[in-house]
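The structure appears right after this line, and notes come after that.
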Amino acid sequence: MAEKITSRSVDYSQWYIDIVLKAKLADYSPVKGSMVIRPRGYAIWERLRDELDRRFKETGHQNAYFPLFIPMSFLKKEAEHVEGFSPELAVVTHAGGEELEEPLVVRPTSETIIWSKYRDWIQSYRDLPLLYNQWANVVRWEKRTRLFLRTSEFLWQEGHTAHETRAEAVAETELMLEVYRKFAEEYLCLPVIAGKKSESEKFAGAVDTYSIEAMMQDKKALQAGTSHFLGQNFAKAFDVQYQTREGGLDYVWATSWGVSTRLVGAIIMTHSDDKGLVLPPVLAQEEVVIVPIFKTDTKAEVLAYTDKILAALKAAGRRVVLDADDNSPGWKFAEWEMRGVPLRIEAGPKDMAAGTVVIARRDTGEKVVVAVAEIPAKVAELLAAMQKDLLEKARAFREANTHDIADYPAMLAFYSKEGAGIDSATGGFARGLWCGGRECEAKLKADTKVTIRNMPADQQQDINGACCLCGAPAKHRAIFARSY
RNA sequence: CGGGCAAUAGCGCAGUUGGUUAGCGUACUAGUCUGGGGGACUAGGGGUCGGCGGUUCGAAUCCGCCUUGCCCGACCA
C-alpha cells in the first residue's frame, strides 16, 4: 500500500507481481501454484466473463456444466490427448476413506467427459449442431507458476461443439477465434494476432489449433485464447456417430475453444505502468473516483459539493466511488492510481468557488478543468477516449516491435540484442516466411527459445520465397517470438 | 523436476561467535493539528521468529527434512 512498486525497467517480473499483490487483485495460497483471486481481481474477471458470455449467446451457444471428476480411462481413449496431458494431471485415488477402484482425474479440460455424453445425446443430423459452453475451473499441475499467467488451478470457459460436416466445424473454429479477436480488441484493448498454430504447438488431440497472440510490454508473446478444430478424433474415440441426411452413418465433427483467467494477466501486462494498474474503462470496478480536497473547516461544504457530483454521475449510470477518508489527497491519488481507476475527479475549495472540478486520466496523467454541469458528458467522453487510446497505444507498441526477418542469421541477430530497457531484451515479434518443417522450428527453439506463435490468417498471401529458418521453399508466413 | 536465493508484526527489514522480556521503519487503532501528489506529533494494540524433528542446561540463531515464494533451466492446452 504505502510502498512503491518495482519499476518495469528494473525488474519486469517483479513489477508484475507487485501490481497483482498491491492492487489487491490476487494473493498466494498455501498450495503451490494455486492462487486466491481477491474481489478487485475477480471484478475484472466478472466483467470480462459477462461480456464474453453475452457474445457466446449471441452466436448461438448455450451454457452447461460438466463434472470436475473424470474417470482416468476416459483420458486414455484419445491417444494424443492423454499423452499431452498426463504430466499435468492431478488424480484422486482415495475418497470416502477408501481407495477408489478407478482413479479420478481432476479435469484439465473436458473434451473426454463431454464427448462421453455427446455419444448419448447425438443420434441424428437433427441433433446437430450442438453448441455448448461451460464456465469452470480446471487443474493442470504446473512446474513453474505465475499469478494469473500460469497457475495450477484456473478459471476459464470451454466451448465444445459438434457438427455434421468438416466445413461446418472448421467454420465454427474460425468463428470463435474471430469472436475472441474482436472481444480482445474491443473490450480488453488487447491488439491480437489471430492465426493457426504450428503442428508442434497445437492442442493434444486437435487437427488444427488457432490462437490469438498478444505482445506484452517486455515484448514477449502471450497466447490469449485458443480455438481448436478437433476433426473426428474425439467422435471416434468415444464412438459418436450420427445418421446423415442421406441415411448413412458418420462420425461427428468437433471443435473446442477457450480463454482463461490468464487474460487478466495479459491486461495487466499490456496496459499498466510504474504507478500501478491501468485498466480498460469497461473492465474497471470503478470508472471514476472522486477525491474531495478539504481542510477540517471546509470538509462539510466540500463534501456537499462532491456529493452532488457523485449523485449526478450515478444518475448517468457511472460506476463511481467517493473517497471521503481522512488520508491526504496525495495519498489517495497514488492509491487509486495503483488500483487502476480510469478517471479521478479532484474537487476542493478552489474548484467549488469556480463551479468546476479537475478530471485526471489514469493512462496519460492529463488533467482537465471541467464545469460541474459538463461532468457526466466529459466523463463519458474521456472514458471512451481512453478505451480507444489504450488499444491504439498497445497496437503501436506491437507494430514498433515487429520486424520482418529474411534468414537465420538475421533471426539470431534479432533475438540476441543485449538487454537494454525492460527486462532482458526479447527482440519482439519477428515476421518471416516458413517452410512448415518441424526441424528448423525445433532448432530455432533450441538456439533461442523463440517459437512460432502462429501463422496470421490475414497474412498468407504472396508466400514466394525461402524459409527464414532453413532456406527451403516457404509455405506460410509466421510470427516468431519468445513467449510466456 | 534440477540449480541458486529467500521465509522474523499486515508490508519492508534488522537481530544470530547460542543466553533473561525479539527490535526498527511503515501500516493499523485513538486523539490533535494538517490537507491541490503517498503530512506532523502524542499515546496504544499487534509475534507459536514458515512447519516438523534433532543438538544443547538453554535455539529466531547450529544441524536435518519438509512447505511456500522468487530467479535460471527442463517441461508446458
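Letters A, B, ... are given to chains in the order of the sequence lines, protein chains preceding strands, and every chain is numbered from 1.
Using a 4.0 Å heavy-atom distance criterion, A/Thr109 is classed as making no nucleic acid contact. Across all strands shown, A/Lys367 has heavy atoms under 4.0 Å from base atoms, whether or not it also approaches the sugar-phosphate. Note on A/Pro329: only backbone sugar-phosphate atoms sit closer than 4.0 angstrom, heavy atoms only; bases stay farther off. Nucleic acid contact class of A/Gly84 (heavy atoms, under 4.0 Å, all strands): none. Looking at heavy-atom distances under 4.0 Å, A/Arg107 makes no contact with the nucleic acid at all. Among the protein residues, A/Val138 comes within range of no part of the nucleic acid, since none of its heavy atoms lies under 4.0 Å from any strand. Across all strands shown, A/Trp141 has no heavy atoms under 4.0 Å from either base or sugar-phosphate atoms. Nucleic acid contact for A/Glu337: base, since at least one base atom lies under 4.0 Å from a heavy atom of the residue. Nucleic acid contact for A/Glu346: base, since at least one base atom lies under 4.0 Å from a heavy atom of the residue. Among the heavy atoms of the strands, none lies under 4.0 Å from A/Ser256. Contacts of A/Lys332 with the nucleic acid, taken as non-hydrogen atoms under 4.0 Å apart, are absent.
Rounded to whole Å, the separation between the C1' atoms of B/C11 and B/G53 comes to 31 Å. Across the P atoms, B/U61 and B/G2 are found 26 Å apart, a figure rounded to whole Å. The separation of B/G64 from B/G3, taken at their P atoms, amounts to 15 Å, rounded to a whole angstrom. Atom P of B/A30 sits at a distance of 38 Å from the matching atom of B/C71, rounded to the whole Å. Separating the C1' atom of B/G25 from that of B/C66 is a span of 33 Å, rounded to the nearest Å. Nucleotides B/C24 and B/G15 have their P atoms positioned 15 Å apart, rounded to a whole Å. Taking atom C1' on both B/A7 and B/A60, the two are 12 Å apart, rounded to the nearest angstrom. On the P atoms, B/U48 is 23 Å away from B/A6, given to the nearest whole Å.
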N/O to N/O distances under 3.5 Å, protein versus nucleotides 67-71 of chain B:
from  : atom 1 : to      : atom 2 : distance (Å)
B/U68 : OP1    : A/Lys32 : N      : 3.3
B/G69 : OP1    : A/Gly33 : N      : 2.9
B/G69 : O3'    : A/Tyr28 : OH     : 3.3
B/C70 : OP1    : A/Tyr28 : OH     : 3.2
B/C71 : OP1    : A/Ser13 : OG     : 3.3

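With a cut-off of 3.5 Å on both Watson-Crick or G-U wobble distances, the partner of B/A60 is given as none. Searching all strands for a Watson-Crick or G-U wobble partner of B/U67 with both distances below 3.5 Å returns B/A7. Look at B/G45: it lacks any Watson-Crick or wobble partner with both distances under 3.5 angstrom. Both distances falling under 3.5 Å, in either a Watson-Crick or a G-U wobble arrangement, place B/G2 opposite B/C72. The base-pairing partner of B/U17, taking Watson-Crick or G-U wobble contacts with both distances under 3.5 Å, does not exist among the strands shown. Across every strand in view, B/C33 sits in a pair with B/G39 that passes the Watson-Crick or G-U test at under 3.5 angstrom. Pairing for B/G12 is with B/C24, a Watson-Crick or G-U wobble pair whose two hydrogen-bonding atom distances lie under 3.5 Å.
Residues A/Gln285 and A/Arg319 bring no donor and acceptor atom of their side chains to less than 3.5 Å of each other. Side-chain polar atoms of A/His81 and A/Glu83 form no donor-acceptor pair below 3.5 angstrom.
Here B/G36 presents its C1' atom at 17 Å from NZ of A/Lys299, a figure rounded to the nearest Å.
Here A/Ser328 reaches the OP1 or OP2 of B/G39: one of its side-chain N or O atoms lies under 4.0 Å away.
Checking A/Arg344, A/Lys332, A/Lys22, A/Arg362 one by one against A/Glu337, the salt bridge (Lys or Arg N to Asp or Glu O under 4.0 Å) holds for a single residue, A/Arg344.
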